[in-house]
Undergrad: 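Sharing a structure here in structure tokens format.
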Amino acid sequence: MGDYEKFKQKIFQLTKIDLSCYKERQMKRRIDSLIVKAKIQNYDDYVEALKTNKELLEEFVAYLTINVSEFYRNPEQWRLLEQDVFPYLFEKFGQNIKIWSAACSTGDEPYTLVMVLAKFVPLNRIQIIATDIDKQVLEKAQLGIYDEKSLKGLPEDLKKKYFHKIGDHSYQISEDVKKCVKFSQHNLLKDAYPERCDLIVCRNVMIYFTEEAKQVMYQKFNDSLKKDGILFVGSTEQIIAPNVYHFSTYRSFFYKKE
């Protein structure tokens, strides 16, 4: 295939995606299979093709970013958010809390946040920032159409209230929920983070980054939160020594900014 180190540098120049921040063996395997699929011989030729072929470039970004997502993933954590974390945040900051769903993938997570938050606050007062590096998944998120598999963990009352069925196996989320989420493209490794957030949700993406990249991001998440704000991470992503980043453990997978 050629020189992978040089390839990483060229990809950074082209896309501002720093492949050095991802676990190398896993990422290189994904990229090599993508190059084979495109019937291209080596890294240099692939970079040249990415420069001129917009579709190939979008496929590359989409393939690198891991988009496994579903509504109400890890239900016990969402129940904890509803029963404990939101009441805590309302007490601290009032009901107009600022929420950022980072690496939001196809929108399942920010839309779940809206549906849970709507138990406390009218929909017309909810506004969630949702970002991802991948333009294709953001387009899918804005469309708001999901298959049955994505909705399998969602409580039935929320499914009935906020979705309507289209065809045999697809559902579309209500416009009222869609209006509550503002989607935009964002690279966690290089772009500025939103400021003065009360809650940041970043789940099931940190596992793909190196320890060095995680350390930088945890510090940036801390800077992005108000004092006493909460960071909500995925079920395999407990932060070792959260105090290093000026967090304390609020509950499992929820960290409070000190």
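Residue numbers run from 1 in the order of the sequence given.
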Undergrad: What's the shortest heavy-atom distance between Ile126 and Leu117, and which atoms?
TA: CG2-CD2, 3.8 Å
Undergrad: Do Phe253 and Asn74 touch side chain to side chain, with heavy atoms closer than 4.5 Å?
TA: no
Undergrad: Which pair of non-hydrogen atoms, one from Leu50 and one from Leu14, has the smallest distance, and what is that distance?
TA: CB-CD2, 3.7 Å
Undergrad: When you measure from the side chain of His186 to the backbone N and O of Ala130, does any donor-acceptor pair fall under 3.5 Å?
TA: no
Undergrad: Considering only NZ, NE, NH1 and NH2 on the basic side and carboxylate oxygens on the acidic side, decide whether Glu24 and Lys8 come within less than 4.0 Å.
TA: yes
Undergrad: Does the side chain of Tyr208 come within less than 4.5 Å of Met27's, by heavy atoms?
TA: no
Undergrad: Would you call Asp32-Lys28 a salt bridge at under 4.0 Å N-O?
TA: yes
Undergrad: Looking at side-chain heavy atoms only, is the closest gap between Phe254 and Leu231 below 4.5 Å?
TA: no
Undergrad: More than 12 heavy atoms of other residues, nucleotides or ligands under 6.0 Å from CZ of Arg125: is that the case?
TA: yes
Undergrad: Between Asp191 and Asn187, is there a donor-acceptor pair closer than 3.5 Å when you use the side chain of the first and the backbone of the second?
TA: yes
Undergrad: So, the side chain of Thr112 versus the backbone of Asp108: is there a donor-acceptor pair under 3.5 Å, distance only?
TA: yes
Undergrad: Are any of the side-chain heavy atoms of Gln172 and Phe163 separated by less than 4.5 Å?
TA: no
Undergrad: Decide whether Phe93 and Phe86 are clustered together by the hydrophobic rule: side chain heavy atoms of Ile, Leu, Val, Met, Phe, Trp, Tyr closer than 4.5 Å, transitively.
TA: yes
Undergrad: Measure across Leu19 and Phe7 and return the closest heavy-atom pair with its distance rounded to 0.1 Å.
TA: CD1-CE2, 4.0 Å
Undergrad: Using atom types as modelled and distance alone, determine if a side-chain donor or acceptor of Asn243 lies under 3.5 Å from a backbone N or O of His246.
TA: no
Undergrad: Between the side chain of Lys179 and the main-chain N/O of Asn124, is any donor-acceptor distance below 3.5 Å?
TA: no
Undergrad: Answer yes when Lys10 and Glu48 have at least one side-chain N-carboxylate O distance shorter than 4.0 Å, and no when they do not.
TA: no
Undergrad: Cluster question for you: counting only ILVMFWY and a side-chain heavy-atom cut-off of under 4.5 Å, with indirect links fine, are Val216 and Val205 together?
TA: no
Undergrad: Between Phe60 and Ile31, is the side-chain contact (heavy atoms from CB on, under 4.5 Å) condition met? List the steps.
TA: CA-CA 8 Å; Phe60 172 71; Ile31 290 167; 4.2 Å; yes
Undergrad: With rounding to the nearest 0.5 angstrom, report the CD1 to CD distance, Ile240 to Glu211.
TA: 8.5 Å
Undergrad: I'd like to know if the side chain of Thr106 and the backbone of Ala141 have a donor-acceptor N/O pair within less than 3.5 Å.
TA: no
Undergrad: Under 6.0 Å from the NZ atom of Lys190, do we count more than 12 heavy atoms belonging to anything else shown?
TA: yes
Undergrad: Are the side chain of Lys257 and the backbone of Leu225 linked by a donor-acceptor contact shorter than 3.5 Å?
TA: yes
Undergrad: Can you measure from CD1 (Ile128) to CD1 (Ile97) and round to the nearest 0.5 angstrom?
TA: 8.0 Å
Undergrad: Could you go through the side-chain contact (heavy atoms from CB on, under 4.5 Å) check for Phe71 and Lys152 one step at a time?
TA: CA-CA 8 Å; Phe71 286 86; Lys152 71 177 188 289; over 6 Å; no
Undergrad: Report yes or no: do Ile173 and Val116 belong to one cluster of Ile/Leu/Val/Met/Phe/Trp/Tyr joined by side chain heavy-atom distances under 4.5 Å?
TA: yes
Undergrad: Taking atom OG of Ser150 and atom OH of Tyr171, what is their separation to the nearest 0.5 Å?
TA: 11.5 Å
Undergrad: So, taking the atom named CG in Leu34 and the one named CG in Leu56, what distance separates them when rounded to the nearest 0.5 Å?
TA: 7.0 Å
Undergrad: Under 6.0 Å from the ring centre and within 45 degrees of the ring axis: does the NZ or CZ of Lys256 meet both conditions for the six-membered ring of Phe247?
TA: no
Undergrad: Salt bridge (Lys or Arg N to Asp or Glu O under 4.0 Å): which pairs involve residues 227-249, sequence neighbours left out?
TA: Lys92-Asp228
Undergrad: Under 4.5 Å between any side-chain heavy atoms of Tyr43 and Lys6, yes or no?
TA: no
Undergrad: What pairs meet the side-chain hydrogen bond (donor to acceptor under 3.5 Å, both in side chains) rule with one or both residues in residues 75-85, with sequence neighbours excluded?
TA: Gln77-Arg203, Glu82-Lys119, Asp84-Tyr250, Asp84-Arg251
Undergrad: Locate the shortest heavy-atom distance separating Ala102 from Leu188; write the atom from each residue and the value.
TA: CB-CD2, 4.2 Å
Undergrad: Distance only, no hydrogens: is a donor on one side chain within 3.5 Å (strictly under) of an acceptor on the other, for Ser174 and Asp176?
TA: no
Undergrad: State, with a plain yes or no, whether a side-chain heavy atom of Glu109 is found less than 4.5 Å away from one of Val201.
TA: yes
Undergrad: Taking only Lys NZ, Arg NE, NH1 and NH2, and the carboxylate oxygens of Asp or Glu, determine whether Lys54 and Glu58 approach each other closer than 4.0 Å.
TA: yes
Undergrad: Should Tyr255 and Tyr193 be counted in the same cluster of Ile, Leu, Val, Met, Phe, Trp and Tyr side chains packed under 4.5 Å apart?
TA: yes
Undergrad: Main chain of Ser105, side chain of Asp132: is a donor-acceptor contact present, judged purely on distance under 3.5 Å?
TA: yes
Undergrad: Let me see the working for Lys165 and Glu148 under side-chain contact (heavy atoms from CB on, under 4.5 Å), right down to the final yes or no.
TA: CA-CA 10 Å; Lys165 199 166 185 182; Glu148 283 176 321; 4.2 Å; yes
Undergrad: Tell me the closest heavy-atom pair linking Lys214 and Phe209, and the distance in Å.
TA: CE-O, 3.4 Å
Undergrad: Taking C-beta and beyond as the side chain, do Ile200 and Phe232 meet within less than 4.5 Å on heavy atoms?
TA: no
Undergrad: For atom CD of Glu195, is the number of surrounding heavy atoms from other residues, nucleotides or ligands below 6.0 Å larger than 12?
TA: no
Undergrad: First locate atom CG of Leu89, then atom CG of Leu81, and finally report the distance between them rounded to the nearest 0.5 Å.
TA: 8.0 Å
Undergrad: Treating Asp198 as the side-chain partner and Lys98 as the backbone partner, does any N or O pair qualify as donor plus acceptor under 3.5 Å?
TA: yes
Undergrad: Could you walk me through whether Lys161 and Glu156 satisfy the salt bridge (charged side-chain N to carboxylate O under 4.0 Å, His left out) test, starting with their C-alpha distance in whole Å, then the side-chain angles of each, then the deciding distance to 0.1 Å, before giving a yes or no?
TA: CA-CA 9 Å; Lys161 189 170 183 180; Glu156 200 58 37; over 6 Å; no
Undergrad: Looking at every non-hydrogen atom in both residues, tell me the closest pair between Thr210 and Ser20 and how far apart they are.
TA: CG2-O, 3.6 Å
Undergrad: Does the side chain of Leu123 reach to within under 4.5 Å of the side chain of Tyr162, using non-hydrogen atoms?
TA: yes
Undergrad: Quick check: are there more than 12 heavy atoms from other residues, nucleotides or ligands sitting under 6.0 Å from CD of Gln41?
TA: no
Undergrad: For Ile40, is there any backbone N or O sitting under 3.5 Å from a side-chain donor or acceptor partner on Asp45?
TA: no
Undergrad: For residues Thr131 and Trp100, is any side-chain donor paired with an opposing acceptor at under 3.5 Å?
TA: yes
Undergrad: To the nearest 0.5 angstrom, please state how far the CG atom of Asn204 sits from the OG1 atom of Thr236.
TA: 5.5 Å
